[in-house]
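Notes for the one structure printed next.
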Amino acid sequence: MYDISKYEDAHTVEEAIALLQANPRAVVISGGSDVLIKIREGKLPAAELVSIRGIEELKEIKLEGDETVAIGAAATFTQLTRHPLISRRLPLLTEAAGLVGGPQIRNMGTIGGNVCNGATSADCAAPLFAFNARLRIQGPEGIRTVAIQDFYQGPGKVALGHGDILTAILIAREDYSGFSGCYIKYAMRNAMDIATLGCAAAVRLRDSRVEELRLAFSVAAPTPVRCPQTEELAKGRTVDGILLADIGRAAVSEVQPRDSWRASREFRLHLAEELSKQAVAEACRRAGHESDRESDEEGDGEGGAEK
Amino acid sequence: MSVGKSIPRVDGLVKVTGKAQYVDDIFEKDMLYAKVFRSAIANGWVKSIDTAAARALPGVAAVVTYEDVPEHSFATAGHPYNLDPARRDVADRRLLNRRVRLYGDEIAAVVAVDEFTAEKALSLISVEYEEYPPVLTAEDALREGAAEIHKGTKNIIASTNYRLGDVEEAFARSDYVFEDSYSTSTVQHCAMENHTAYAYIDNNGKIAVVTSTQIPHIARRIVGEALGIPWGRVRVIKPYVGGGFGSKQDAVVEPLAAFLTTRVQGRPVRLQLTREETFIASRVRHAISFTFRTGVSKEGALIARRGKAVSLNGGYASHGHSIAANGGNKYRQIYDQQAIQYEALTVYTNMPSAGAMRGYGIPQMTFALECHMEDVAREIGMDPIEFRLKNIVRQGWVDPLTGIRVNTSGLAECMAKGKELIQWDAKKKELENQTGPKRRGLGMANFVYASGTHPIGLEIAGARIIMNEDGSVQVQVGATEIGQGSDTVFCQMAAETIGLPTDRVFIVTEQDTDVSPVDLGSYASRQTYVTGMAVKKAAEEIKAKTLDYARFMTDIPVGAMDIADGWIVYRHDGERIMTVAEVALNSWYNPAAAAPITADVTHNARVNALAFGCTFVEVEVDLPLGKVEVREIYNIHDSGKVMNPKLAAGQVRGGVSMGLGYALYEQMLFDPKTGKPLNANLLDYKLMTAMDTPEIGVEFIEPFEPSAPYGNKALGEPPAITPAPAIRNAILAATGVKFNQLPMTPQRLVEKFKAAGLIRKNPKDF
Amino acid sequence: MTTRKIAFTVNGEKTQLEVDIRESLLETLRSRLNLTGVKKGCGAGECGACTVLIDGAPFDSCIYLAVWADGKEIRTIEGEAREGKLSRVQEAFLSEAAVQCGFCTPGLIMTTTALAEGGQSYTRQEIRKELAGHMCRCTGYQSIVNAAEKALAPSPEEDRDCCGKCR
């Protein structure tokens with residue numbers, strides 16, 4: 001039994017907002033894999049829930065007029081991993097969503113919940129940061145759009161007011177078109193785990209040179225982060241070992257992981273360097289960059305990191 | 001022939017259909033639910049407790065605290081009672097305790113109409129503690145003037161020290177002497193079914209406890225002791241059990257559940273631990289640190305050995321020092337030398353109580369020993385396999401301390417088989433001079449294990465067989481099926497010895513101490529060896545009685561007849577005389593001679609047989625990421641004759657995966673400041689998933705063990721012993737780096753690889 | 001205590017029930033409908049023992065509120081054997097010795113059933129990924145993966161050996 005004192009179903013976003021406004025204690029529940037665990041841990045005593053599970057429009061994944069990919073906040077990880085629109089345009093997200101928990105959790109958990117939870121370890125966060133995702137939020141004041149970097153305000157803290165509902169995650173064409181990506185989830189297990197460190201790289205190449213690099217991490221700071229200086233340093237450079245080494249070094253200086261019993265700060269910094277090299281290398285490979293023989297021996301990316 | 005065949009599990013059908021009833025699947029009318037109020041500190045005592053609000057909560061039937069339980073202490077370890085008071089387990093806990101000795105210690109309990117209300121009531125109990133700094137290491141526990149977790153113990157549960165031969169002289173005579181230290185971690189059994197029981201007062205006025213246990217008869221005695229009532233007033237019932245691995249060779253929930261039903265007029269009270277509670281408040285594997293000193297000759301013969309062990313036990317003794325002591329026995333029983341000494345010490349800490357866990361001290365000791373053997377071989381420039389082969393005990397060896405004689409040893413063959421399976425020699429060559437960030441390596445490790453506890457422990461087992469009117473039989477044992485397949489194997493044994501097809505043999509899977517034959521239970525890899533002999537004896541008696549009755553019916557001399565496949569046959573040519581069913585029917589209903597055929601035997605095993613084996617493994621180590629991939633792994637066992645190859649292979653693979661977890665993934669972590677467990681759940685405690693577990697190769701060398709009922713020796717625990725040292729040795733082979741501490745986690749690997757200069761900082765090229 | 005009426009199908013049978021809003025589907029199935037083949041191993045979505053199929057997909061019923069089952073089709077292990085005949089997946093678990101203590105078995109059979117009915121083919125590694133939401137302490141998973149492989153194979157094979165390594 002969960003310590004739930006009130007449970008209300010919303011059938012439209014407007015209804016959800018009204019229910020939330022009417023009850024300052026109310027908490028939104030969608031997939032439930034985070035909220036129910038919090039209740040079980042006693043973190044939401046006598047929880048009052050507003051369920052948005054019945055709002056069909058929140059589950060849609062679609063292409064908007066300007067080829068912006070709009071992902072309904074209640075789309076599940078399983079939906080993301082199977083949706084052709086995502087695998088064609090945002091394979092980086094397909095990859096990340098497929099690494100969340102296990103199949104049962106992916107059937108349940110939603111991308112919106114993953115983001116709204118505010119955890120730095122969210123598997124979808126690093127790819128969404130790399131995609132410059134914008135979040136469509138509907139609240140009592142109407143609809144607004146927030147850049148994902150501004151959405152995360154601190155550990156477990158996001159830019160959602162009471163009465164706000166995250167309705168969709170938007171990724172504009174210019175933020176995915178021409179990019180190849182790679183997400184490496186480094187965890188202690190190959191499934192059913194939270195990342196020790198997650199690294200998403202998206203790269204656009206022209207003639208073996210980096211036209212644009214996006215590098216983002218989860219668990220490397222109190223919130224997911226991008227590495228703007230590293231990205232800048234890569235611009236126009238030829239893809240080779242020297243660049244990768246530079247990227248690795250630079251990335252380390254842009255992250256701020258913490259010491260915890262799960263992993264030391266030192267170890268996470270080491271991983272930030274390794275994973276950024278491997279993720280960028282693999283993203284370049286996927287972008288069609290041919291590595292020479294010696295680089296194959298380096299064995300970057302080949303499955304090793306996704307454990 | 002039935003023994004040796006891979007017949008399907010007798011409990012398979014009820015398990016794949018979901019019909020098998022485990023403790024929590026049984027609901028009783030008027031059932032109440034109990035929850036334990038646990039300490040939020042690791043070390044200290046309760047200055048005051050206020051339960052008034054909890055008592056006042058509607059739906060609460062009872063609240064009890066340390067003030068309400070019997071004054072005396074009791075022991076919980078699942079050992080047979082010992083008539084010698086000096087050799088009994090340490091009685092160091094009460095049903096509820098005021099002195100807090102671990103985080104999650106049991107202070108009070110609530111009984112309510114449902115779990116939810118019980119939990120609510122817990123939240124209404126308030127406690128004031130006096131808190132002491134937690135003792136989490138041996139150093140802290142043994143420090144001069146350290147606060148005593150149990151008064152008068154100096155935090156030492158027990159110690160042992162044996163010496164054989166002149167150790168000092170042997171070291172002096174050794175050409176080389178090596179010493180190193182190794183340590184293992186605290187891990188948990190993680191049976192998928194948590195600890196759970198319910199208790200009620202039955203129609204005879206007995207306290208009945210229905211529980212997920214490995215040891216019904218022993219649990220009955222412990223409940224009797226804990227409540228201070230005659231043992232015959234207690235009844236323990238064991239339905240299907242969802243795994244035990246040693247944690248349920250202990251009375252974890254039974255005594256309190258039994259006590260609580262007495263507080264609610266005998267209404268059924270369920271006490272079901274959550275997963276988190278199972279981690280902190282049931283049992284764990286002892287973390288043990290070892291220092292081994294070894295003297296060898298130039299030729300690689302072991303001359304002198306000295307082992308020292310310090311074992312961390314947690315807040316209550318449970319199995320206590322038995323684990324470190326058992327390690328000392330197997331330390332001696334695998335390699336031979338001229339002189340040997342072993343000293344062990346087990347200390348209390350403010351950690352979860354350590355008890356029995358698959359391997360009972362041997363995974364710890366063998367990790368240390370097989371790492372050390374590898375290191376010594378390398379130091380003296382000898383092939384590590386040759387070095388081991390030169391020193392292993394062989395057939396005919398007699399253990400000087402226990403008198404156990406090695407009747408059969410297939411260890412050398414196991415090693416040869418392992419070499420062949422993994423293509424040791426060819427790969428060794430191939431793997432010379434590796435460079436790059438990923439490196440492969442081969443490793444191996446040997447083990448010895450015993451079949452039961454004789455002569456240290458009592459080994460009795462009971463079996464009862466009843467022949468039905470149609471010639472089929474029911475077998476009843478007091479030994480427990482907990483997933484390992486013992487019920488299936490007992491059926492095979494009875495079928496084999498009586499001469500029936502296996503589908504004519506049924507087993508009563510439930511144990512009820514009011515009904516079942518007396519047995520000690522499922523532990524020490526004893527059941528096929530010890531209980532198997534009881535089943536064999538009962539089956540022989542059934543067969544003899546059946547033939548005797550057939551003689552009465554046919555006038556054919558008993559000696560001329562045999563039973564085969566459900567038929568009475570002529571011994572000399574197998575010609576069929578009549579069915580066993582005809583004999584059975586007559587034995588039930590012949591007005592003059594009726595005497596249904598039954599047998600009820602108790603067997604006291606005054607023998608033991610050593611089982612041997614090894615793990616061979618190939619790993620690939622990703623240096624910069626600190627990840628170890630097991631590319632190939634083989635466990636090769638000399639468990640004597642294998643009773644059911646398919647089930648045995650499954651048991652081996654499960655054990656190997658447990659060993660792999662021990663090597664690479666699993667450890668319980670505690671906040672060093674508070675002693676609070678950090679990862680007491682299945683998300684943070686890294687039990688391997690299907691994606692982390694490699695394919696596991698299994699092979700058996702099958703010498704016929706003459707002391708056993710069917711040539712068989714121990715198999716249940718051994719598979720979990722050697723994966724960890726084998727992997728450690730393979731990582732050493734791959735990287736040249738020694739890991740002497742478990743588990744070998746990525747962070748530890750990376751730290752050491754950095755220190756060893758193995759991780760390249762600047763790859764030259766893409 | 002707040003309750004709600006839900007209407008759902010359980011193992012093919014239309015069922016109406018008044019459920020507590022606090023109840024998990026696991027509790028409803030076990031305590032109310034006596035479907036105790038659904039096991040509780042952790043209560044937190046970590047072990048998979050409580051897995052049931054909801055509209056054909058595997059879910060951890062311990063972290064699924066009973067009220068959410070309204071209008072859904074639920075399948076548990078109890079519904080898999082029909083007229084005394086085991087399903088192909090159950091048969092495979094039996095014949096491959098994929099069952100030991102049996103506590104994780106019902107959940108694993110349900111997930112495997114979802115895979116089998118999905119009609120897709122899976123490599124051995126993909127099977128491992130699909131079963132990764134279930135923890136098993138007895139088997140080392142190999143016999144379970146063998147069973148799933150057998151159940152997912154296009155046509156029934158007789159007495160297929162396991163990996164061959166143990167032969």
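Here is the naming used below: chain letters follow the sequence lines, and residue numbers restart at 1 for every chain. For clarity, every value in this text was computed on a predicted model and none was experimentally measured.
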- Message: Quick check: closest heavy atoms across B/Tyr33 and B/Ala118, and the distance to 0.1 Å?
- Response: O-CB, 3.8 Å

- Is chain C contacted by the side chain of B/Thr17, its backbone, both, or neither, given a heavy-atom distance below 4.5 Å? both

- Item | Intermediate values then yes/no, side chain to side chain contact (heavy atoms under 4.5 Å, CB included), B/Thr509 and B/Tyr240 | CA-CA 8 Å; B/Thr509 194; B/Tyr240 287 95; 3.6 Å; yes

- Message: Tell me which of these, B/Gly243, B/Ala690, B/Ser657, has more heavy-atom pairs under 4.5 Å with chain C than the rest.
- Response: B/Ala690

- Query: Side chain, backbone, both or neither: which part of B/Val241 has a non-hydrogen atom closer than 4.5 Å to chain C?
  - Reply: backbone

- Task: Establish, from distance only, whether the side-chain atoms of C/Thr9 and C/Glu73 form a donor-acceptor pair under 3.5 Å.
- Result: no

- If one checks every heavy atom of C/Tyr141 against chain B at 4.5 Å, the contacting part turns out to be side chain

- Task: From the options C/Thr112, C/Thr111, C/Thr105, select the one residue that forms a side-chain hydrogen bond (donor to acceptor under 3.5 Å, both in side chains) with C/His134.
- Result: C/Thr111

- Task: Answer with side chain, backbone, both or neither: which region of B/Phe116 has an atom nearer than 4.5 Å to a non-hydrogen atom of chain C?
- Result: side chain

- Item | Residue C/Glu18 excluded, over 12 heavy atoms near CD under 6.0 Å | yes

- Item | Worked verdict on B/Tyr634 versus B/Glu699 for side chain to side chain donor-acceptor pair (under 3.5 Å) | CA-CA 7 Å; B/Tyr634 302 93; B/Glu699 194 83 31; over 6 Å; no

- Item | Cation-pi geometry met for B/Arg285 and B/Phe245 (6.0 Å, 45°) | no

- Item | Neighbours of chain B found in residues 21-37 of chain C - heavy atoms under 4.5 Å | C/Arg22, C/Arg30, C/Ser31, C/Asn34, C/Thr36, C/Gly37

- Lys/Arg-Asp/Glu bridge criterion (N-O < 4.0 Å) met for C/Glu149, C/Arg124: yes

- Heavy atoms only, distances under 4.5 angstrom: which of B/Leu647, B/Asn681, B/Asp11 has the most pairs with chain C? Name it, please. B/Asn681

- Item | Which atoms of B/Leu13 approach chain C - backbone, side chain, both or neither, heavy atom under 4.5 Å | both

- Message: Please rank C/Gly102, C/Cys101, C/Gly41 by heavy-atom pairs under 4.5 Å with chain B and give me the top one.
- Response: C/Cys101

- Side-chain donor-acceptor pair present, C/Tyr122, C/Glu130, cut-off under 3.5 Å: no

- Item | Top of C/Gly133, C/Pro106, C/Ala132, C/Ser143 for chain B proximity - count of heavy-atom pairs under 4.5 angstrom | C/Ala132

- Note on the structure: Among residues 76-86 of chain C, residues within the sub-4.5 Å heavy-atom range of chain B, in order of number, are C/Ile77, C/Glu78, C/Ala81, C/Leu86

- Salt bridge C/Lys39-B/Asp25, side-chain N to carboxylate O under 4.0 Å: yes

- Query: Is there a side chain to side chain donor-acceptor pair (under 3.5 Å) between B/Asp114 and B/Thr117 once you walk through the steps?
  - Reply: CA-CA 5 Å; B/Asp114 56 38; B/Thr117 307; 2.6 Å; yes

- Query: In terms of the angle between their ring planes, are C/Phe103 and B/Tyr22 parallel, tilted or perpendicular, with boundaries placed at 30° and 60°?
  - Reply: perpendicular

- Message: Looking at B/Glu115 and B/Lys35, is any side-chain nitrogen of the basic one under 4.0 Å from a carboxylate oxygen of the acidic one?
- Response: yes

- Query: Heavy-atom distance under 4.5 Å between the side chains of B/Arg270 and B/Leu32, does that happen here?
  - Reply: no

- Message: Shorter than 4.5 Å, heavy atoms on both sides: which option in C/Ala97, C/Ala44, C/Cys138 has the most such pairs with chain B?
- Response: C/Cys138

- Message: Enumerate the ring-ring contact (aromatic ring centres under 6.0 Å, His included) contacts for residues 25-65 of chain C, please, sequence neighbours excluded, ordered by first and then second residue.
- Response: C/Phe59-C/Tyr64, C/Tyr64-C/Trp68

- Under a 4.5 Å heavy-atom cutoff, which of B/Glu481, B/Glu276, B/Arg275, B/Met192 has the most pairs with chain C? B/Met192

- Message: What part of B/Asp24 gets within 4.5 angstrom of chain C, counting heavy atoms only: side chain, backbone, both, or neither?
- Response: both

- Item | Inter-chain contacts: residues 47-55 of chain C against chain B, heavy atoms under 4.5 Å | C/Cys47

- When you check the side-chain N and O atoms of B/Lys238 and B/Ser212, is any donor under 3.5 Å from an acceptor? no

- Message: Using heavy-atom distances under 4.5 Å, tell me whether C/Lys129 contacts chain B through its side chain, its backbone, both, or neither.
- Response: both

- Query: Without hydrogens or angle criteria, can the side chains of B/Gln492 and B/Asn644 be said to hold a donor-acceptor pair below 3.5 Å?
  - Reply: yes

- Message: Can a side-chain donor-acceptor contact be found between C/Asp20 and C/Thr3 if the only test is distance below 3.5 angstrom?
- Response: no

- Could you go through the side chain to side chain contact (heavy atoms under 4.5 Å, CB included) check for C/Val99 and C/Leu94 one step at a time? CA-CA 7 Å; C/Val99 180; C/Leu94 253 190; 5.5 Å; no

- Taking every heavy atom of C/Gln142 against every heavy atom of B/Pro694, the minimum-distance pair comes out as OE1-O, 4.0 Å

- Query: Which answer fits B/Ile482, side chain, backbone, both or neither, if we ask what part of it has an atom under 4.5 Å from a heavy atom of chain C?
  - Reply: backbone

